[in-house]
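Whatever order the structure lists ligands and atoms in, that order sets their numbers, starting from 1. Everything numeric in this text was worked out from a predicted model, so none of it was measured.
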Amino acid sequence: MEKNIVVGVSGGIAAYKACDVVSKLKKQGFKIDVIMTKNAQEFVSPLTFQTLSNQTVVTDMFETPSDWNVEHIELAKKADVFVIVPATANIIGKIANGIADDMITTTIMATEAKKVIVPAMNTKMYHNPIVQENILKLKRHGYYFIEPVSGLLACGDTGKGKMEDPTVIVEELCLIANQTKEMAGCKVTVTAGATTEDIDPVRYLTNRSTGKMGYAIAEQAILKGATVVLISGKTNLKPPRGLSKFIEVRSAEEMYQEVKREFFDTDILIKAAAVADFTPKVFAKNKIKKQDENLVIDLKRTKDIAFEMGQLKKSNQVMVGFAAETESVLEHAVQKLKKKNLDFIVSNDLTKSGAGFGTDTNIVNFLFPDGEIEKYDLMQKKEVADRILEKAHTILQNRK
Ligand SMILES: Cc1cc2nc3c(=O)[nH]c(=O)nc-3n(C[C@H](O)[C@H](O)[C@H](O)COP(=O)(O)O)c2cc1C
């Protein structure tokens, strides 16, 4: 369903950047209503926002509404997200102190929508303890903040206070608008990507995992409102917005240490990383020289992370593993499921087209300890991620 975003624009120099935010939000398919303060209109004309949003811009609380609805209540009701961009020190102070003397402050007071504040101001204003107290107060009341960044400000000062980039603001707003509470309060730890085992300072062993499956799981878990920790080996992917923690690791040993650290308070652990089974026995400090004879590198076993966590797993924790195989797929998956004390395993056959590494799709089966198998046709990795999370969450809830 089309989502409604009400954009409040207050009187800061960054008001012109709000035009870009509105334009980008519109392109993302949101329905936009804009409210401007009197002072905001000193910086940008309402006509600009009217053209970008295809809606009449509200500028005056006492203007006769276009239909019988009381306009500020109507906008408050229809909003899924109410964002103030840019938010001046003045408007933050008014909202934090219950003042409702213009259309933005009155409407935001009446709304049950998710409320987002995007401050932009001179760095000394931003660091003023009164402004900071107001921000803290609003955060405590559940307001989201898209923090300003450091940089050269329009006034010539340098420091924190510059409005975040419109592209980042829009990404954050998309996430906030689409986020549900299905998995709120649930900590999901996801491992993803390929580990890298160093041979010498220039050479290493790795694998073909791109991390797409794990990253898709982390992204969907964030959208379901979970607290998500992503522990990632090598990938070319951008960590999704809204992660509670992003931990980058190189080797299987580092991955083991980080998973162990996060596991104790994790509700659902999803092990989608391709972790090396073997690592060089010794790391050569200097580059191994070219030689005429063949080179033999001794490899030793790495820690089996899933097995180790399976031993530590408590009854209120759910663990999901992956089995990417090229032969006897189901047999290998069942063995792995049992050995590692998993709650279910997602098996995929790497020889099937559309499954496995690098693709945006996957063909999977879910295997359960009681022998049950759920078979799925080709799906987008995003959909696979959703199914995995739904299943893991149901198992978790049935245990509580
Ligand atoms: C040129 C100029 C630029 C301004 N830029 C900012 C700003 O970036 N952030 C801010 O908090 N106030 C800024 N102000 C001050 C606000 O406009 C002023 O506090 C005003 O009362 C805000 O009104 P409003 O919050 O109702 O829009 C600026 C003022 C002027 C004259």
**OP:** Could you walk me through whether K114 and D80 pass salt bridge (Lys or Arg N to Asp or Glu O under 4.0 Å), step by step?
**Re:** CA-CA 6 Å; K114 295 168 179 171; D80 293 297; over 6 Å; no
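- Because its NZ or CZ atom is not both nearer than 6.0 Å to the ring centre of F322 and within 45° of the ring axis, K271 does not count as a cation-pi partner of that residue.
- Interface of N39 with ligand 1, defined as ligand atoms under 4.0 Å from a residue heavy atom, comprises 20 (C), 21 (O), 22 (C), 23 (O), 24 (P), 26 (O), 27 (O).
- The contact set between ligand 1 and A120, taken as ligand atoms under 4.0 Å from a residue heavy atom, comprises 7 (C), 8 (O), 9 (N), 10 (C), 11 (O).
- Ligand 1 places these atoms under 4.0 Å from at least one heavy atom of T37: 24 (P), 26 (O), 27 (O).
- A salt bridge links E171 to K238: one of the charged nitrogens lies within less than 4.0 Å of a carboxylate oxygen.
- Looking only at heavy atoms of the protein, atom 25 (O) of ligand 1 is closest to T88 OG1, 2.6 Å.
- Nearest protein heavy-atom contact of atom 15 (C) of ligand 1 is G11 O, 4.1 Å.
- Per-atom contact check: atom 18 (C) of ligand 1 does not touch the protein, criterion being a heavy-atom distance below 4.0 Å.
- Annotation: cation-pi geometry satisfied between K115 and Y143 (NZ/CZ under 6.0 angstrom from ring centroid, within 45° of ring axis).
- Protein non-hydrogen atoms do not reach within 4.0 Å of atom 31 (C) of ligand 1.
- Taking atom 26 (O) of ligand 1 as the reference point, the nearest protein heavy-atom neighbour is N90 ND2, 3.4 Å.
- Annotation for ligand 1: atoms under 4.0 Å from non-hydrogen atoms of M125 are 10 (C), 11 (O), 12 (N).
- Atoms of ligand 1 found under 4.0 Å from any heavy atom of S10, numbered from 1 in the order shown, are 25 (O), 27 (O).
- Looking at N134, T105, D101, T37 one by one, the single match for side chain to side chain donor-acceptor pair (under 3.5 Å) with K94 turns out to be D101.
- For atom 11 (O) of ligand 1, the nearest protein heavy atom (residue, atom name, distance) is A89 N, 2.8 Å.
- One hydrophobic cluster, built from ILVMFWY side chains closer than 4.5 Å, cannot hold both I268 and M319; they sit in different ones.
- When the options N4, D33, T111 are evaluated for a side chain to side chain donor-acceptor pair (under 3.5 Å) with K78, the one that passes is D33.
- With D343 as the fixed residue, the side chain to side chain donor-acceptor pair (under 3.5 Å) test singles out one of K391, R399, Q317: R399.
- With respect to atom 5 (N) of ligand 1, the closest heavy atom belonging to the protein is I13 N, 3.3 Å.
- The nearest heavy-atom contact from the protein to atom 4 (C) of ligand 1 is F43 CZ, 3.8 Å.
- For atom 6 (C) of ligand 1, the nearest protein heavy atom (residue, atom name, distance) is G12 CA, 3.5 Å.
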**OP:** List the steps, then state whether side-chain contact (heavy atoms from CB on, under 4.5 Å) holds for I84 with F82.
**Re:** CA-CA 7 Å; I84 303 184; F82 194 121; 4.0 Å; yes
